[in-house]
Amino acid sequence: MRPQTEAELAAIITEASGPLCITGGGTRGLAVAGATVSAQGLSGIRLYEPGALTMVAGAGTPLAEIEAELAKQGQRLAFEPMDHRGLLGTGGEPTIGGVVAANISGPRRIQVGACRDFLLGVRFVDGNGQIIKNGGRVMKNVTGYDLVKLMSGSFGTLGVLTELSFKVMPKPQTQADLLIEGLTEETAVAAMSAALGSPFDVSGAAHIALGQDGAPVTMIRVEGFEASVAYRADRLRDLLAKFGAFQIETDPQRTAARWIAVRDVEVFHGRQGDVWRISCKPSDGPQLADRLGADGILYDWGGGLICSLVPDGTDVRARLGAFGGHASVIRASAETKARLGVFQPEPAGVAALSSGLKAKFDPRGILNPGLMG
Amino acid sequence: MEMPAPNSEILSRKHELLTRLRAVLPDDAVIGDEAETRVYECDALTAYKCPPLAAILPSSTQEVSDALKICHDMGVPVVPRGAGTSLAGGALPTADSVILGIARMNDVLEVDYDNRFIRVQAGRTNLSVSDAVAEEDFFYAPDPSSQLACAIGGNIAMNSGGAHCLKYGVTTNNLMGVTMVTMDGSIVEIGGAHLDAGGLDLLGLVCGSEGQLGVVTEATLRILRKPEGARPVLVAYDSNEVAGQCVSDIIQAGVLPVAIEFMDRPCIRATEAFAKAGYPDCEALLIIEVEGSESEIADQLALIRQIAERHNPIEFREAMDADQAARIWLGRKSAFGAMGQINDYMCLDGTIPVSQLPYVLRRIGEMSKEYGLGVGNVFHAGDGNMHPLILYDANKPGDLEKCEAFGADILKLCVEVGGCLTGEHGVGIEKRDLMVNQFDPVDLECQMAVKDVFDPAWLLNPAKVFPLASSHGRRMAAE
């Protein structure tokens with residue numbers, strides 16, 4: 001089913017008698033059993049005010065359309081959402097609704113915040129078929145409860161997003177990478193922490209530790225006006241000298257491509273095995289990665305995000321044991337996902353609150369049932 | 001402002017309540033004496049006062065849990081209170097409620113520079129969080145103007161902002177985790193030193209829920225390294241339209257100032273009379289602050305100057321040294337005090353799309369004439385967060401009511417042009433009954449359903465946020 005209006009969507013949900021599989025572009029491999037309801041018909045940019053850094057768009061609007069429109073004004077989505085197609089081997093067009101529903105953020109999350117931090121307002125249809133709005137289109141808004149954050153990352157289990165308003169950011173004039181090969185994982189994380197704890201406004205800190213040809217590589221990014229980027233890159237190189245001799249690269253194509261590769265975890269494209277994503281305290285990263293026995297390890301977010309490639313069916317959570325953070329499946333067989341669950345099980349108190357919310361928003365349990373436990 | 005009638009059955013059980021609370025809290029942490037509970041009768045919205053039945057001052061998460069279990073068991077409403085600086089009446093008691101003050105919980109629990117976070121007890125003041133990491137040149141970014149006094153727990157409850165959130169975001173963008181006690185005494189940990197939620201974003205939901213979902217006792221906060229330097233400029237224009245256009249052009253040019261503050265003529269005049277900061281006498285004044293190294297600051301200011309001069313400013317004043325920088329900020333920082341010298345005032349914080357600024361200022365000016373009450377505007381222009389200060393005389397019968405009606409009209413206007421009722425102060429009791437202007441019943445019902453999950457008996461801060469008529473059924477069911 002592919003409703004063209006919010007009202008049609010509301011009618012579909014009201015009349016539904018069984019599970020519904022809610023999808024946007026279907027690029028992220030999250031389909032559940034049930035009648036498919038696609039949000040792609042709810043498409044189009046409804047408002048764009050570059051001087052106010054705000055855009056409002058239908059949830060089904062292709063991300064590419066949004067990015068093209070923003071680029072015309074020298075702006076962009078600052079949270080750098082990952083494109084899952086290469087990693088998962090899926091087709092289709094990512095939509096803004098899908099990005100928000102999965103709270104997808106890329107390398108710049110460490111500097112500017114996650115997708116949810118840029119979301120200003122939502123409209124959605126809940127499990128009862130009611131059309132609900134929350135938030136708005138202004139930067140600061142504490143009017144009532146923040147369901148905007150709640151809806152972001154709820155993977156369609158609380159409601160089907162129909163319209164989103166979000167904050168956009170100016171595209172910087174230029175960027176530079178600081179690069180070094182051959183650091184151990186501990187040293188790389190220490191170097192990234194030093195960079196992120198500096199006043200030099202680092203917008204990316206990643207380390208490809210294992211799984212690529214050649215030596216491990218550590219990369220640190222700064223963005224902004226040209227003179228400022230040059231200044232900060234130099235200062236960072238001095239600051240990081242105790243970890244090794246970093247090279248500065250400013251070629252626009254190569255620097256851009258490098259961070260797309262990190263964002264989309266290109267190092268695991270086309271390779272056999274399951275892919276897991278672990279969010280942790282950065283300094284815990286190397287020790288956690290060590291427990292995995294992985295075939296590939298990529299650190300992003302200064303070490304606070306580990307993408308790991310492990311043999312098919314590996315129970316990554318069992319290998320990690322107890323830790324501060326969470327591990328989720330990005331790529332695995334349906335059997336593995338069903339056996340282990342896509343998301344980290346929550347402590348009893350939190351789980352009770354989460355299931356209580358689901359029961360209120362979707363009392364019949366028909367929206368993406370089972371996806372979030 | 002109407003508040004629900006106190007439950008006489010609870011009032012009659014005061015002795016039993018105090019006895020039970022004293023069994024789990026130190027003697028000096030349970031206050032029942034009427035002279036002493038009066039301290040908690042209001043917050044910074046001083047127009048409304050009501051002493052609580054009792055006040056408690058727990059020192060730990062466990063004590064909060066023990067006390068809440070007793071209140072839950074006895075069906076007694078609880079009003080959490082940070083430092084009592086709410087401008088929206090967020091901590092206003094009812095006569096049958098227990099004030100739960102978190103002021104004694106003010107320890108730093110953990111500082112981790114490598115991982116860039118600090119964990120504190122929620123009663124710690126905002127500024128003292130930054131102070132705790134100042135030795136390593138770090139800071140906690142959200143900076144509400146009450147930061148000297150206000151508590152982190154209150155900041156989380158109201159999702160507080162500040163002048164510098166244009167670059168650094170508000171509380172919710174800088175909050176990584178909380179330890180929270182729900183009304184039944186359950187202790188839950190949400191988030192931590194890692195980023196983003198593993199399941200539903202309960203952290204985002206709790207932040208800004210005005211103490212209605214749980215009592216936050218500990219918080220993990222993101223800390224940042226201080227920039228190398230910062231410098232403000234002052235730009236004066238002879239029209240609000242032009243100043244508004246200048247703000248929009250600066251933002252669009254890709255410069256990201258940490259703050260863009262806007263003051264209108266009535267506010268500039270009041271401020272000048274009071275603080276003598278040496279501001280030009282003009283229609284609209286902008287204070288724009290940028291950060292970075294000396295050369296980065298110079299480059300950004302050059303670009304800002306270029307944009308500002310396209311709009312023919314009356315004056316463009318750069319701070320040449322720390323003293324001049326302080327003078328530029330002096331007037332802005334004295335604005336509230338200056339307006340207070342003229343008269344009593346009510347401060348609103350409706351937020352509007354930046355593009356609507358000139359229209360809204362014009363309408364506020366017209367309404368000011370209609371109501372016969374003066375109003376000065378000082379606000380965070382970069383994000384459209386207005387702060388109209390309406391002057392009234394508290395001793396003049398009817399003036400407060402007139403002022404409230406004027407305020408309500410301004411907030412309705414904010415909603416009309418695509419904005420919202422409150423950008424950083426919260427709804428509290430002040431804007432509770434205006435919520436119907438921004439939300440349909442079904443929207444409010446959905447929010448109230450969230451409270452049903454966390455606090456099914458509606459005992460935590462029950463008469464706030466939602467119009468009394470909307471929450472009536474739920475509050476009555478609880479009794």
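First the proteins, then the strands, lettered A, B, ... as listed; each starts at 1. Model, not experiment: these values are computed from the prediction.
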Using a heavy-atom cutoff of under 4.5 Å, enumerate the residues of residues 160-168 of chain B that contact chain A, numbered in order, or state 'none'. B/Gly161, B/Gly162, B/Cys165, B/Leu166, B/Lys167

Relative to chain A, which segment of B/His380 carries a heavy atom at a distance below 4.5 Å: side chain, backbone, both, or neither? side chain

Option that, when pairs with chain A are counted at under 4.5 Å, heavy atom only, ranks first among B/Ala449, B/Gly208, B/Pro353: B/Pro353

Most heavy-atom pairs under 4.5 Å with chain A, out of B/Val247, B/Val415, B/Asp201, belong to B/Asp201

By number, which residues in residues 176-187 of chain B have some heavy atom less than 4.5 Å away from chain A? none

What part of A/Gln75 is in contact with chain B, defined as an atom under 4.5 angstrom from a non-hydrogen atom: side chain, backbone, both or neither? side chain

Less than 4.5 Å to any heavy atom of chain B: does that hold for the side chain of A/Glu226, its backbone, both, or neither? neither

Proximal component of A/Lys358, with respect to chain B [non-hydrogen, under 4.5 Å]: side chain

Option that, when pairs with chain A are counted at under 4.5 Å, heavy atom only, ranks first among B/Val465, B/Leu202, B/Val354: B/Leu202

Side chains of B/Ile297 and B/Glu291, heavy atoms from C-beta outward: is any pair under 4.5 Å? no

Under 3.5 Å donor-acceptor pairs involving side-chain atoms of residues 343-352 of chain A, not counting sequence neighbours:
{"from": "A/Gln344", "atom 1": "OE1", "to": "A/Ala327", "atom 2": "N", "distance (Å)": "2.8"}
{"from": "A/Glu346", "atom 1": "OE1", "to": "A/Ser354", "atom 2": "OG", "distance (Å)": "3.2"}

Per-residue contact mode, A/Thr54 against chain B (heavy atom under 4.5 angstrom): neither

Is the shortest side-chain N to carboxylate O distance from A/Glu49 to A/Arg137 below 4.0 Å? yes

Is chain B contacted by the side chain of A/Phe361, its backbone, both, or neither, given a heavy-atom distance below 4.5 Å? side chain

Is it the side chain or the backbone of B/Val450 that comes within 4.5 Å of chain A heavy atoms, both, or neither? both

Under 4.5 Å, counting heavy-atom pairs only, tell me which of B/Gly192, B/Gly382, B/Ser355 racks up the most with chain A. B/Ser355

Under 4.5 Å from any heavy atom of chain B - which part of A/Tyr231: side chain

Of B/Leu421, B/Asp299, B/Leu303, the largest count of non-hydrogen pairs under 4.5 angstrom with chain A goes to B/Leu421

Toward chain A, the part of B/Glu210 with a non-hydrogen atom under 4.5 Å: side chain

Heavy-atom proximity to chain A below 4.5 Å, by part of B/Asp196: both

Contacting moiety of B/Val442, where chain A heavy atoms sit under 4.5 Å: both

Applying a strict 4.5 Å limit to non-hydrogen atoms, the region of B/Leu213 in contact with chain A is side chain

Under 4.5 Å from any heavy atom of chain A - which part of B/Glu296: side chain

Honestly, the part of A/Ile131 sitting under 4.5 Å from a heavy atom of chain B is backbone

Would you mind checking which part of B/Asp112 comes under 4.5 Å of any heavy atom in chain A, side chain (CB onward), backbone (N, CA, C, O), both or neither? side chain

Within the structure provided, determine whether A/Leu147 and B/Cys446 are in side-chain contact (heavy-atom separation under 4.5 Å). yes

With a 4.5 Å cut-off on heavy-atom pairs, point out which of B/Gly426, B/Gly191, B/Gly169, B/Ala197 contacts chain A the most. B/Ala197

When only heavy atoms count and the cut-off is under 4.5 Å, which of residues 120-130 of chain A reach chain B? A/Phe124, A/Gln130

Honestly, the part of B/Arg432 sitting under 4.5 Å from a heavy atom of chain A is neither

Using non-hydrogen atoms and a 4.5 Å limit, figure out which bit of A/Met169 sits close to chain B: side chain, backbone, both or neither. side chain

Nearest-0.5 Å distance, OG of residue B/Ser209 to NZ of residue B/Lys464: 12.5 Å

Select one option (side chain, backbone, both, neither) describing which atoms of B/Tyr113 are under 4.5 Å from chain A's heavy atoms. neither

Indicate yes or no: at least one non-hydrogen side-chain atom of A/Ser198 is less than 4.5 angstrom from one of A/Leu239. yes

Under the salt bridge (Lys or Arg N to Asp or Glu O under 4.0 Å) criterion, do B/Glu445 and A/Lys360 qualify, and how do the steps go? CA-CA 11 Å; B/Glu445 182 60 33; A/Lys360 290 285 183 191; over 6 Å; no

Heavy-atom cut-off 4.5 Å, strictly under: side chain, backbone, both or neither for A/Asp284 against chain B? neither

Proximity breakdown for B/Asn159 and chain A, heavy-atom pairs closer than 4.5 Å: both

